[in-house]
Amino acid sequence: MSAGPAAPEIVSPPSGAAPAVADLGGVAVAAGVGLAAGLSVPLAWGVVPALLVGLGAILLVVRRGPGAPDPADVAALPRARRIALAALILTPAIPIVTVAARAVAGVVVAYPAALWAAAPGLVAAVVLGLTRRTWLQGLVLFALAFGTFAAGAWGARFEAAGVHARGETWGGPILGIHPFQTTAVVVDGYGPFDLPINDYVEPDGSKGYGPAELAEALTRDLHKIAELQYAEHGPARAYKAFAEATAVAEELPEVRERLDRPPEQATEPRLRVTSGGVGHDSRVEFVCPGAPNDPRPRKPDAVMERMCPDKYSSEASAGLGLTGRWTGYTEVLGQPRLSLARALGWPRERVHGELRAWAWIALGLVALAALGPRGGAAAGLARWGGAVAAIAAVLSLLLLVPGLSVQVEAWTRPAGWEAPGALAPWVALLALGSGHAAIATGTGGTPGRRRGLVPRVLPILAGTLGLACSLAAATWWTPVLAPPADLSQPLPLAEAIAGLGETLHRGSGVPIDEAEGILAASAVALLLGLLAALLGPVVRFAGSALGPRRPVLAGHLALLAVIVPAASLVLSRMSAGGAALLAPAAAMAWMAGTGLALVAPGGRRWPAVAEHLLAAVIVVVAGCQALAAHDNRTMWIALGIGVLITLAGLMLLPRVRSASDSATPGPRP
C-alpha cells in the first residue's frame with residue numbers, strides 16, 4: 001500500500017500560542033472528563049495505594065511524551081493505518097462529547113446562573129483566536145478565568161432578584177383556632193418541623209392572635225428553626241431557606257364555597273409564606289404535624305401518607321388555611337429568570353425535554369466554533385476551559401484542604417462502584433494519557449516533552465487530595481449523568497455542585513447562592529472547553545489523517561461523524577446518554593494515545609508496543625464491565641463497533657520503524 005501525500009498537504013491544528021498556553025487544551029480534556037466521571041482515582045484501596053497506582057500510569061505517559069506527533073508523520077502512513085488511527089481518535093470522542101453535552105445541560109437546568117458563563121466564553125472564542133502574543137493570551141486567559149467566577153456570582157444575584165425566584169404558599173381563609181393546636185412546615189424540602197400555636201387565633205384579632213400577629217409569630221418560628229437546626233452544622237442552603245423565610249398576612253378576595261347564599265364579606269385574611277431559598281427547589285409546604293425532629297430533607301411519600309391521621313391535628317391547619325385539603329391553599333415553586341422551558345412556555349414536568357434541548361444547543365454552538373477559520377474559536381474555548389480548571393484546582397487546594405470537616409451526603413454514602421478492579425472510576429486517570437489530550441495541546445512536539453503533563457495532572461490531584469481528604473468520606477463522587485426518574489431526584493451534576501458549594505461557602509465565606517453559581521459557571525466553562533477541544537483540534541487532526549489531500553472537507557466530515565451520533569445518544573436511555581460507555585471510551589482514548597506514540601518517529605518502540613497492547617486489553621475489559629451493568633441492544637451495538645475498531649487499531653503495531661524513514665523512498669533499481 002502506498003504512502004500518504006507529502007507533508008505540507010496535511011493541516012495541523014492551530015497553534016499560534018506558546019506551549020504553556022496551548023497546553024491548556026489538554027487540561028480541558030483531562031479535567032473535563034474527570035469532572036464528568038469523578039475527579040479522583042479509586043480510593044477504595046486508600047489514598048496512598050490509589051495515588052501510587054495513579055503515579056505509575058502518569059509515568060507511562062511521561063515515558064512516551066504527552067505531545068501528539070507532527071502531522072507530516074501521520075500523512076506518511078499507509079492509508080489503512082491512517083484510517084485506523086483516525087477511528088481510534090474519533091470513536092471514543094462520541095460518548096465523551098455526549099456525556100459532556102448532557103452534563104452542561106444538567107448544570108444549566110439546575111443552576112441558571114451558569115448561563116452567564118457564556119459571556120467570557122464568547123470573549124474567549126473571539127479574542128483568543130485573534131491574539132498571537134503569548135503574554136497577551138496569558139493575561140486574557142487569566143482575566144477570563146476570574147471573569148467566569150464573577151459571572152457565576154452575578155448570575156446568582158440576578159436569579160435571586162427575580163420576582164418569582166422564591167417559592168411561596170398562600171393559605172386558605174383564616175377561620176380561627178383554639179389553643180394547643182399544631183401544624184408543620186417544610187421549606188425547600190427540609191423538615192417537617194412542628195409549629196405549635198398555643199393561643200386563640202381569630203380572623204378579626206379580637207382574641208389571642210390576629211392575622212398580622214400570627215404572621216409575625218410564624219416568621220419568628222421559622223428563623224428560630226434556622227438557628228437551632230442549621231446554624232452550626234448546615235447545610236447552608238437549609239439555613240438560608242428558614243433564616244430568610246417570611247410570613248405576611250394579606251386580605252385577598254373571598255373564596256365562595258356555598259352557592260345557596262352570598263358571601264358575608266368581600267375579602268378574607270390569609271397567610272403568604274415565602275421561602276428564603278431561590279430556584280427550582282424553593283417551595284413551602286404545610287403538612288401533618290407529629291413527624292420526628294429530623295433536619296435532613298424530607299423523603300418523598302405517597303399522597304395518602306400526607307393525610308393527617310389525627311383529625312384534631314388536622315383541624316389546626318384547616319383553621320389557619322394551611323393545608324392542601326382546604327379551599328384556596330396554593331403552592332408556587334420558585335421560577336428561574338433564565339430558563340429555556342420558561343421562555344417556551346413548557347411546564348415544569350418537561351425537564352427531560354429541556355435537558356435534551358440544552359445538550360443540543362451546546363453541541364451546535366461548539367460545532368459552529370469548530371467550523372471557524374482553522375479552528376481558532378474552538379481552540380480559544382478549549383484554552384479558556386483549561387485555564388478555569390487550572391486556576392480552580394489551585395484555589396481548591398487553598399480553600400478546601402485546611403481543616404474542613406463538612407459532612408456532605410453525596411460523599412458520605414458508598415460510591416456507585418464497590419470493586420477497585422472496576423474500570424469506571426479510573427476514567428479521569430485514563431484521560432491523562434489519551435490521544436485527545438495530546439492532540440489538544442498541539443502537534444509537532446518531541447517525544448520527551450513534559451510541559452503539557454503537569455497542568456493536566458493538577459486538577460485530578462487537587463480533586464483527590466483537596467476534596468476527598470478534606471471530607472469525612474473516603475471516596476469521591478460519581479455524578480448522576482442520566483435524567484432523573486422523577487423531579488424529586490437531583491438533576492445531572494447538581495448534587496455534586498451543591499456539595500462543593502457548601503464546602504466553598506464554609507471555606508471562603510462566599511454566600512451559598514453565589515458559591516453554587518461560581519461552581520456551576522466553572523463547570524460549564526470546563527465542559528464547554530472539553531467539547532471545544534474534542535470538536536476542534538481533535539476532529540481536525542483526525543480529519544486530516546482521513547483525507548490529507550482535502551483536509552478541510554475531511555475535517556468537516558469527521559465533525560459530522562462525531563456530532564450526529566452524539567446528538568442521537570443524547571436521547572438514549574439504554575446507555576443513559578452515553579454515560580455507560582464512558583469507561584470503555586476513555587480506555588480507547590488511551591489506546592489512541594499509544595497509537596500516536598507509535599506513529600511519532602524516534603523513541604523506544606517496544607515499550608510503546610507493550611503499552612498499546614495493554615490499552616487494547618483495557619478497552620475489552622472495560623467494555624465487558626459496561627455490558628454486564630447495562631445489557632441491552634444499544635450497548636451490544638456500541639461495544640461491537642468498539643471491538644472492531646480496537647482490532648483495527650492493532651494495525652499500528654507493525655509500524656516499528658520511524659515514520660520519517662519510511663516516508664523517504666529508497667533508490668529504484
Side-chain angles (χ1 to χ4, degrees), residues 23-24 26-67 386 389-390 392-394 396-397 400-401 415 417 419-438 440-441 445-471 473-478 583 586-587 589-594 596-597 603-604 606-619 621-622:
D23 288 341
L24 293 175
V27 177
V29 173
V33 176
L35 179 66
L39 281 177
S40 73
V41 296
L43 299 178
W45 296 340
V47 176
V48 174
L51 289 182
L52 289 177
V53 176
L55 180 61
I58 293 171
L59 290 177
L60 286 176
V61 181
V62 172
R63 183 204 52 77
R64 59 178 161 87
V394 174
S396 68
L397 287 174
L400 303 182
V401 171
W417 41 271
L423 289 174
W426 299 91
V427 171
L429 187 63
L430 294 175
L432 290 176
S434 73
H436 298 155
T441 60
T446 60
R449 181 183 174 195
R450 304 290 187 268
R451 186 184 292 111
L453 186 64
V454 175
R456 283 154 55 185
V457 173
L458 182 60
I460 295 179
L461 181 65
T464 301
L465 296 180
L467 297 171
C469 295
S470 65
L471 299 171
T475 61
W476 186 220
W477 92 84
T478 302
W590 184 290
M591 187 177 180
T594 60
L596 292 175
R604 299 174 61 187
W606 290 114
V609 170
E611 187 182 353
H612 193 67
L613 291 172
L614 175 63
V617 173
I618 293 176
V619 172
V621 174

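These numbers come from a predicted model, not from an experiment. The analysis underlying the following values was restricted to heavy atoms, covering all of them including side chains, and did not include hydrogens, waters or symmetry mates.
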Closest approach of [X] and [Y], non-hydrogen atoms and distance?
{"X": "Ala431", "Y": "Ala30", "answer": "CB-CA, 4.0 Å"}
{"X": "Trp590", "Y": "Ala57", "answer": "CH2-O, 3.8 Å"}
{"X": "Val27", "Y": "Ala389", "answer": "CG1-CB, 3.9 Å"}
{"X": "Ala583", "Y": "Val427", "answer": "CA-CG2, 3.7 Å"}
{"X": "Gly26", "Y": "Ala440", "answer": "N-CB, 3.8 Å"}

Got Leu432 and Leu429 here, is their nearest side-chain heavy-atom distance under 4.5 Å?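 Sidechains of Leu429 and Leu432: in contact.
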Do His612 and Val609 come close enough that some side-chain heavy atom pair is under 4.5 Å?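 No, their side chains stay 4.5 Å or more apart.
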Value rounded to 0.5 Å, distance of CG in Leu613 from CD1 in Ile618: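 Leu613 atom CG to Ile618 atom CD1 measures 11.0 Å (nearest 0.5 Å).
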